[in-house]
Amino acid sequence: MKVTLKWLEYYFKEKLDGKEIENILTKLGLEVENRERLDAKFSKIVVGRIESLEKHLDADKLQICVINVGQSENLQIVTGAQNVFEGMYVPVALVGASIVGGEISESKLRGVPSYGMLCSGTELGIDNSLLSDKEKDGILPLSAELELGMEVSKVFSMNDEILELGLTPNRADCYGIYNVAKEIVLKKDYNLMELEYLEGKRGSDGFSVEIKSPELCHRYIARIVKNVKIETSPLWFANLLRNVGVRPINNIVDITNYVMFELGHPMHAFDYDKLEGSKIVVELAVDGDNFKTLDEQDRKLDSDMLLIKDGVKDVALAGVMGGFNSEVDGNTKNILFEAAHFNSASIRRTSRKLGLRSEASGRFERGLSEDNVLKAMNRAMYLVELLGAGEVDELYYDSYPVVQTIPTIKSSVRRVNSLLGMDIPKDEIVSIYKKLKFKIEEEADSDTLLVTPEAHRIDVQSEIDLVEEIVRIYGYENIPATLPVSTTNTLKVDYNIKLVSQIKSYLADNGFNEIISYSFIDKESYKKCGYDFEGDVRLKVMNPLSETQSYMREKLLPGIIEIASRNYKRQRRNINIFEIGRVYSGTDESLPIENLQLGIFILENELKEWYGKTKNDFYNLKGILERLVAVISNKALRFEKQNDMQTLHPGRSAVILADNEPVGSIGEIHPEVLAMYDIKEKAYYLELDLRAFSEPKIKQYAGLPKYPSIERDMAVILPKEMEYGNIYKVIKDASNNMVVGFRIFDIFEGIQIGNNVKSVALSLTYQNPEKTMTDEEVSQIHNSIVDQLVDKLGARLR
Amino acid sequence: MLEKIKKFFENLETDSLEKQSNFLKNLLNQAKEEGKADIAKGNTVDDLKTVQTKYFGKKGLVPDLMRYMGKVSNKDKPLLGKIIHEFKTDLENHLNQIIADIEKAENNAKLEAEKIDITLPGTNTKIGHKHPLTIVEDQIKEIFTNIGYTVVEGYEIEEDYYNFERLNIPKDHPAREMQDTFYLNEDVVLRTHTSPVQARIMDKLCPTLPVKVIAPGKVFRRDDDATHSPMFHQIEGLIVDKNITFADLKGTLLHLVQSVFGEEREIRLRPSFFPFTEPSAEVDVSCGNCNQEGCRVCGYTGWLEILGSGMVHPKVLEMAGYDPKEVSGFAFGLGIERIAMLKYGIDDMRLLFDNDLRFLEQF
Ligand SMILES: [Zn+2]
């Protein structure tokens, strides 16, 4: 919403300071998003007249003009524009002027000197949309009534400042600049001009208004203006509109736009002679009907859309856009003006469905006062007379089936202060209501006031709205800063929150970088990652920004590998990253399930360091996992091979089990998946479902061992395929619980020991909790372990 | 020397040691000097062990002297004991000192020979980094848990009812326009703010008091450009109790801002509108880049917008089952991205989601 300083000055009859107005509006909650001078982009551009024209001898498209700029000597200026003619009034940028696009200096065009430049509207910084077709085409034509040498910025009233307001939805009334002016006087003692209106008589002779859907149209007023002269508006009037971003069209349309910007209430003008039936009917459309709007587009209607009809045909889409069939044009003789109140939700739905938004529909959507409908009409009629645009009928036709209820609200002084934590005296509160022009009655109890807001303040409905008004005008800067005196909170924190924090710290401390990827996913990426599902349609976003963000993720890997790949393409090879986030799974309940998942990605990244080679591999990642689980849980981990996975390398991956429950997977990423992401090295991935760890680790003291332990080594030769897990199991079973430590310290394969076998060297720690073990006792168990290895796994001693 | 000592004792008459003691002391002093000379000749610990044997070994001088203790009269014994003891400790201390010195020197030489290049880099010195959004979130959580708030979380995929209706935003309310919403179906949305946690937690706690929570999490809006991301992070704060005031809100936010950005920073509250709070306030922090002179960072205003807040709307309290005449509360919501960008001087929001490791490693 644009407000100009000049428009405000018109109400205050006083010169205003843009910065000060910005501060006042900010303090009142009318946020100023931007403030700029219209003529900031140009200077030294004056009105000139083309005295003579001749063709440039060496260039077909150039013309040499002699220009009178009101000085003793005329200027010679070469122009490439084609719309120039002798006697034309034009904007002239003098040498030393600046325009949009640069500085003007003396120049030679194909040998002919040129002392300045003729300007187009765009070069003056006037938005193209604000110019008529004639004005858009080449040099901007100026009125022949202007004084030569006059600053062009003054002609267009561009020595003005524009404030762009970001209005909150509750203050739709401030889409009217007069209501903004009312706000300003709450903070500063300006004299606000009273608006003038042309009142009329409510009548019913010869014309009628019928509202068939009173829930969608609370009020409709029509008034007829006869013998209109359609012409361009006077410059001062057109300039006001142009500066708030509205293209001046003709006096009648300009008046409806002016009233909309002044009071915030949209209006419409019909060519009265194009209406048939001497009445206005407000009624819902018929499904499937077509209607051609002012912009000559055919619109498909449905039975949810509100129409204005003339008793014979449809003439306007209520509150959204007028009809082509009743448009005001150069031949229009008589006008029917409309001011109405339409249901905001209905207008919003209609404009949404048709993809048709206008200044008018935007205002209706936000909600307007029924009471102000007549004001808008009377103001427009005043302007018709002021501009001499036609003869206003005395009668107006008003259907008002749903009268605006303006509430009378109880306001307790004590409650205001107890909510604000302040001590504003009653007198001051009363004076704030008076400034707001809210009506006040005092109750007998001296604490309560009965307050009735102004009609256009439809946002003020309850006591809390009044509290807000008081503190807003009293000044947020005057609120003290205190801390709550509060009782103790005994709500317990969810352990998962601590868990996540602990895991993040652990991983960051161990060299992993945390990433955060989008919760949306491209369903194609599941396929790229080798998953055999396509994304649950119950997790599809109905209105995604793009196809690639149309599903809610069920897995972290696609997001993580995408980020890994991006970094890889930047030549990055040290990639150790993790993410903890929610993944979703569809259910038939109303909400999907949200699970916390951890994903860790490492790239192999073999490096020569001064102390030897390093690289990431499966066992690094497994070690990280084992330590992490030991930190967060008492659960015992187990790894099982799993074969039906396309995501991970079938020979180098495992399902992770915690206390025998599957909780994730770990492994080398399948080379085909890596290839999809252009990663040429090996990489490893771990996925862990954190639900399994949502209980805190329980710590229990077990007593220190009282007797010494004894270490013994053994080396056995085993079949090459024999897994460590099996060896471990045999030893554990045979150990009679006397083996407390178990470490593998060498694995060796080679010709010396034979084909298809490997040598495994182990160190076992023996300890009996009851007594000191003798050498013989240790040997006995040690030997029985060897026997078992021989029996069960086909081992032989080395 | 031994001869002289032997002679002395042969000539020593009974009970006359006291008179002759100076002579004996002289003799022993000479012996001590000889001893010290022997010690001085030694270069290694081994050399000195030989000297030690010579004087203190079984056949050494000191045991020799001790043998005379049995030969003098009872009266002379204490004096002789004292003289021998003095001789022995002096010499022994001296010898031990020198041995210790040499041992020290030998050790030092050995350690010197073992020196390494301490300027080589350490092994396996990978360090990792939490995402800056996590760092900021953790900091804000800590600020509030320190003053008695509890961290809670809500659903990222939320019912329309909680995301909007319970926050006083019925269907067709113009405020729905403020936040372009992603829908999974007509009744389920990706939450557009962390505010539905307000309703969820009040439902859980009502009628008990106080409600005093901080709720971080992901939120989603249909917006994607240099200053908006379709997914971002918020932290919601909510307190509901008896006698909570607008002034308390201001004080709490001042505490937050000064804890995050520094004690010298100020805040400015501006009237604003949120359907679920009233009165509502946008909160700005004074620009730290220009000390409020106005600069590019703050758009030449001296202030930076950081969060939205307000007193919990009576309707929101009512819908949760609290009586707005009895209790009041305030709520605020801030964008973690915004805070992180201001705190670290990050000028492009997209950096936070691009996850370029060169960026992440700076935190
Ligand atoms: Zn600044």
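For the numbers below, each heavy atom of this structure counts, side chains included, while hydrogens, waters and symmetry mates do not.
The candidate from B:R270, B:R268, B:K126, B:K204 with the greatest count of non-hydrogen atom pairs under 4.5 Å with chain A is B:R270. For chain A, the option among B:D241, B:L269, B:I157 with the highest count of heavy-atom pairs below 4.5 Å is B:I157. Contact count against chain A (heavy-atom pairs under 4.5 Å) is highest for B:N355 among B:N355, B:V151, B:T245. Heavy-atom pairs under 4.5 Å with chain A were tallied for B:E361, B:H255, B:M311; the largest tally goes to B:E361. Most heavy-atom pairs under 4.5 Å with chain A, from the set B:D138, B:I201, B:N185, B:L254: that is B:N185. Ranked by heavy-atom pairs under 4.5 Å with chain A, the list B:K141, B:M231, B:E156, B:K212 is led by B:E156.
Considering all non-hydrogen atoms of both residues, A:P484 and B:F330 come closest at CG-CE2, 3.9 Å. Nearest heavy-atom pair across A:L420 and B:P279 is CD2-CG, 4.3 Å.
Residue contact with chain B, scored on non-hydrogen atoms closer than 4.5 Å, involves the backbone of A:S418 exclusively. Proximity to chain B (any heavy atom under 4.5 Å) is shown, for A:D465, by both the backbone and the side chain. Neither the backbone nor the side chain of B:F363 comes within contact range of chain A; no heavy atom of the residue lies under 4.5 Å from a heavy atom of that chain. Neither the backbone nor the side chain of B:I267 comes within contact range of chain A, judged by heavy atoms closer than 4.5 Å. In this structure, chain B has no heavy atom under 4.5 Å from any part of A:I470. B:S272 touches chain A through backbone and side chain together, each having a heavy atom under 4.5 Å away. For chain B, the nearby parts of A:N513 are the backbone and the side chain; heavy atoms of each come within less than 4.5 Å. Both the backbone and the side chain of A:L483 have a heavy atom closer than 4.5 Å to some heavy atom of chain B. Proximity to chain B (any heavy atom under 4.5 Å) is shown, for A:V493, by both the backbone and the side chain. Looking at A:Y611, the atoms closer than 4.5 Å to chain B (heavy atoms on both sides) all sit in the side chain, from C-beta outward. Only the side chain of B:L190 comes within contact range of chain A, with at least one heavy atom under 4.5 Å from a heavy atom of that chain. Within the 4.5 angstrom heavy-atom criterion, no atom of B:E266 approaches chain A. For a residue to count as touching a neighbouring chain, one of its non-hydrogen atoms must lie under 4.5 Å from one of that chain's; by this rule A:R171 does not touch chain B. Neither the backbone nor the side chain of A:E469 comes within contact range of chain B; no heavy atom of the residue lies under 4.5 Å from a heavy atom of that chain.
Taking 4.5 Å as the heavy-atom cut-off, the residues of residues 25-32 of chain A that approach chain B are A:T26, A:K27, A:L28, A:G29, A:E31, ordered by number.
To the nearest 0.5 angstrom, B:D248 atom CG is 11.5 Å from A:I479 atom CD1. Between A:E514 atom CD and B:L360 atom CG the span is 8.5 Å, to the nearest 0.5 Å. Taken to the nearest 0.5 Å, the CD1 atom of A:I516 stands 4.5 Å off from the NE2 atom of B:H233. Of the inter-residue distances, the one linking A:T488 atom OG1 with B:L209 atom CG reads 12.5 Å to the nearest 0.5 angstrom. To the nearest 0.5 Å, atoms NZ (A:K492) and OG1 (B:T150) are separated by 10.0 Å. Of the inter-residue distances, the one linking A:N567 atom CG with B:D354 atom CG reads 7.5 Å to the nearest 0.5 angstrom.
Checked against side-chain hydrogen bond (donor to acceptor under 3.5 Å, both in side chains), B:Q139 has the following partners two or more places apart in sequence or in another chain: B:K343.
Between the side chains of A:S505 and B:K130, at least one donor N or O lies within less than 3.5 Å of an accepting N or O.
Between A:K504 and B:E137 there is no salt bridge, since none of the side-chain N atoms of the basic residue sits less than 4.0 Å from a carboxylate O of the acidic one. The existence of a salt bridge linking B:K218 and A:E594 is excluded, since no basic side-chain nitrogen approaches an acidic carboxylate oxygen closer than 4.0 Å.
Looking at heavy atoms from C-beta onward, A:V467 lies out of side-chain contact with B:E278 at the 4.5 angstrom threshold.
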Checklist entry - Between B:F182 and A:L545, does a side chain to side chain contact (heavy atoms under 4.5 Å, CB included) hold up when you go through it step by step? => result CA-CA 9 Å; B:F182 288 113; A:L545 280 173; 4.0 Å; yes
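A donor-acceptor contact shorter than 3.5 Å is absent between the side chain of A:R572 and the backbone of B:L357.
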